Amino acid sequence: VLMGNTITSCYAQHEKSLDAQRIFDTMPEWDIISWNSLLSANAQTGNLLCARQKFDTMPKHNLVTWNTLITASTYSGNVEYAEELFQRMPERDEVTWNAMLSAYAHNRHLEEAKRFFEEMPSKNVVAWNTLMHAYVEDGKLEEVKGLFERMPCRNAATWTCLIEANAGNGHLEDAQSVFDNMPERNVVTWTSLVAAYLSNGNLGGGKKVFDSMPERNEISWTTIIVALARNGDLDQAKDLYDRSPAKDLVAQNAMVAAYARYGRLEDATKFFDSMPEKDVTTWNALMSGYKKEGLLKEAEELFSRIPKGDGVSWNLMLAAYSQCKDLDKAKEMFDRMPEKDLFSWNSMMAAYSQNAGIKNAKDIFEKMPCRD
RNA sequence: AUCUCCAAGUUUUCAGAG
């Protein structure tokens, strides 16, 4: 059981819910930890229904089980259900409160997060960080700084937030000085400093930091590779990719996307075909290349071959039709898509305004359930 | 390194700025 649990949770941490399920299924017996690990693997996929099914199937629940289900709600964007769970569960601990705070924070309910934070019976460093990050996401630098001053305790995540907050507001030197003065560093803080330089257009600075990092992981490598690619240095990006010891699926997807972005469809396709494992982002990345080049037939063909398309796939096809001025097909996509998000609506509105005139576009605008 | 809460990377729309 111990071995099976270890492997299951290992897959959970790498966001491989199917593999976690596979290992789980081969185990001769399960304890509550096995079940919780499986639930955790499901939680990360954002599929709340699936997670709830597991929850209902489990022979028993404990505090960790409930906390994990709150997290599942967070990932699926269902704050209301998280609230319901929070009310319904038989007991709560510090993690419960933090998980609920995180539900508000991740889903952009800043006011709720603030209010909830005030109500918390005890606030540990995770709670402070969660609230602080919510402010960072909202671009509120002054509030971030204020919180930072008031915090009774800090850890590496705190410092990372502060770097990100400064970088996001164009204060690169402040970000660097935060980094210079922080008491502890790890691969995440290092990578966020690299990202700080890159997001401010300072490629040279980013590379310098990257080269001096004591340790790098998949994310560090991908961060720098993507920056090079976006800067148009595709071959340099590929060179770094080849030298990288840490190539996970995200890194591979980034290479497909890089080629696609610059219309190097042969390279993109070749890379795509060479990948032993793909996910929906891989397919979408290649499709985006066809779309950009106006290759409608190829995009359609790819779309029909995706094992499991998602909202992005649909949005891509909608945008592809719009770009090729096929308003009818665009509209058909829009009507047929299983779920419409802000991208879908904006895309449809743009399609009308570019191909049909302002009146139709305005009609869409009026009907939009959400806007930005 | 057996489970739950906080920080960094990849794909889709439009605008603005340069």
Side-chain angles (χ1 to χ4, degrees), chain A residues 1-10 12-13 31-40 43 62-71 74 93-103 105 124-133 136 155-164 186-196 217-227 229 248-258 260-261 279-289 291 310-320 322 341-351 353 372:
Chain A
V1 181
L2 178 62
M3 203 167 74
N5 287 351
T6 308
I7 302 175
T8 304
S9 79
C10 186
Q13 290 182 15
D31 61 11
I32 181 80
I33 295 186
S34 330
W35 282 99
N36 285 342
S37 302
L38 183 65
L39 182 64
S40 170
N62 66 10
L63 187 50
V64 173
T65 318
W66 285 91
N67 290 342
T68 307
L69 196 55
I70 291 187
T71 301
T74 302
D93 66 359
E94 215 170 31
V95 173
T96 316
W97 284 86
N98 288 340
M100 191 60 228
L101 178 62
S102 175
N124 64 13
V125 65
V126 173
W128 282 92
N129 287 344
T130 305
L131 185 65
M132 184 171 159
H133 188 245
V136 174
N155 64 14
T158 319
W159 301 97
T160 307
C161 273
L162 197 55
I163 290 176
E164 198 190 330
N186 60 25
V187 66
V188 179
T189 52
W190 275 97
T191 303
S192 70
L193 183 64
V194 173
N217 65 10
E218 286 82 354
I219 299 186
S220 328
W221 282 95
T222 307
T223 301
I224 195 88
I225 288 170
V226 166
D248 62 3
L249 189 50
V250 173
Q252 299 172 50
N253 289 343
M255 280 311 300
V256 175
R261 168 186 294 263
D279 66 6
V280 66
T281 301
T282 322
W283 289 84
N284 291 341
L286 185 58
M287 261 180 65
S288 80
K291 182 237 146 206
D310 65 0
V312 174
S313 323
W314 283 87
N315 289 341
L316 264 164
M317 278 315 296
L318 166 54
S322 163
D341 63 8
L342 193 52
F343 283 98
S344 328
W345 284 95
N346 283 341
S347 195
M348 194 65 235
M349 185 172 75
S353 80
D372 66 357

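Naming convention: chains lettered A, B, ... in sequence-line order (proteins, then strands); numbering from 1 in each chain. Quick caveat, the model's predicted, so the values are computed rather than measured. Computed over heavy atoms, backbone and side chain alike; hydrogens, waters and symmetry mates excluded.
Considering CG of A/L38 and CD1 of A/I33, their distance stands at 13.5 Å, rounded to 0.5 Å. Taken to the nearest 0.5 Å, the CD1 atom of A/I7 stands 10.0 Å off from the CG atom of A/L2.
Dashed line: the shortest gap from a side-chain N or O of A/Q13 to OP1 or OP2 of B/U2 is not under 4.0 Å. Side-chain nitrogen and oxygen atoms of A/R261 include at least one within less than 4.0 Å of the OP1 or OP2 phosphate oxygen of B/U11. Note on A/K291: a side-chain N or O is less than 4.0 Å away from OP1 or OP2 of B/U13.
Looking at heavy-atom distances under 4.0 Å, A/Q252 makes no contact with the nucleic acid at all. Backbone-only engagement by A/T68 is indicated by non-hydrogen atom pairs under 4.0 Å involving sugar-phosphate atoms exclusively. At the heavy-atom level, A/D248 lies under 4.0 Å from base atoms of the strands shown. Residue contacts for A/N186: at a heavy-atom cut-off of 4.0 Å it reaches a base atom on one of the strands shown. Among the protein residues, A/V188 comes within range of the nucleic acid bases, having at least one heavy atom under 4.0 Å from a base atom. A/A319 comes within contact range of the sugar-phosphate backbone alone, with a heavy-atom separation under 4.0 Å but no base atom that close. Backbone-only contact: A/S347 has heavy atoms under 4.0 Å from sugar-phosphate atoms and none from a base. Nucleic acid contact class of A/A99 (heavy atoms, under 4.0 Å, all strands): sugar-phosphate only. Across all strands shown, A/N62 has no heavy atoms under 4.0 Å from either base or sugar-phosphate atoms. Among the atoms of the strands shown, base atoms are found under 4.0 Å from some heavy atom of A/T160. At a threshold of 4.0 angstrom between heavy atoms, the contacts of A/N155 include nucleobase atoms, whether or not backbone atoms are also involved.
Residue A/N67 forms a side-chain hydrogen bond (donor to acceptor under 3.5 Å, both in side chains) with just one option from A/N36, A/N62, A/T96, and that option is A/T96. Among A/T281, A/T282, A/N284, the one residue that satisfies the side-chain hydrogen bond (donor to acceptor under 3.5 Å, both in side chains) test with A/N253 is A/T282.
A donor-acceptor contact shorter than 3.5 Å links the side chain of A/N155 to the backbone of A/T158. When atom types are taken as modelled, the side chain of A/S347 and the backbone of A/S344 share no donor-acceptor pair closer than 3.5 angstrom. A donor-acceptor pair under 3.5 Å is absent between the side-chain atoms of A/S322 and the main chain of A/L318, judged by distance alone.
In this structure, A/M317 places its CE atom 19 Å from P of B/U11, rounding to the nearest Å.
Distance from the side chain of A/A251 is smallest to B/G9 among B/C6, B/G9, B/U11.
A donor N or O paired with an acceptor N or O is found under 3.5 Å between the base of B/C3 and the side-chain atoms of A/N36. Judged by atom type and distance alone, A/T223 does not reach the base of B/G9 through any side-chain donor-acceptor pair under 3.5 Å.
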- prompt: So what is the 5' to 3' dot-bracket string for RNA chain B, if pairs are Watson-Crick or G-U wobble with both distances under 3.5 Å, crossing pairs use [ ] and | means the partner sits on another strand?
  reply: ..................
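With no hydrogens or angles considered, no side-chain donor-acceptor pair links A/T8 and A/N5 at under 3.5 Å.
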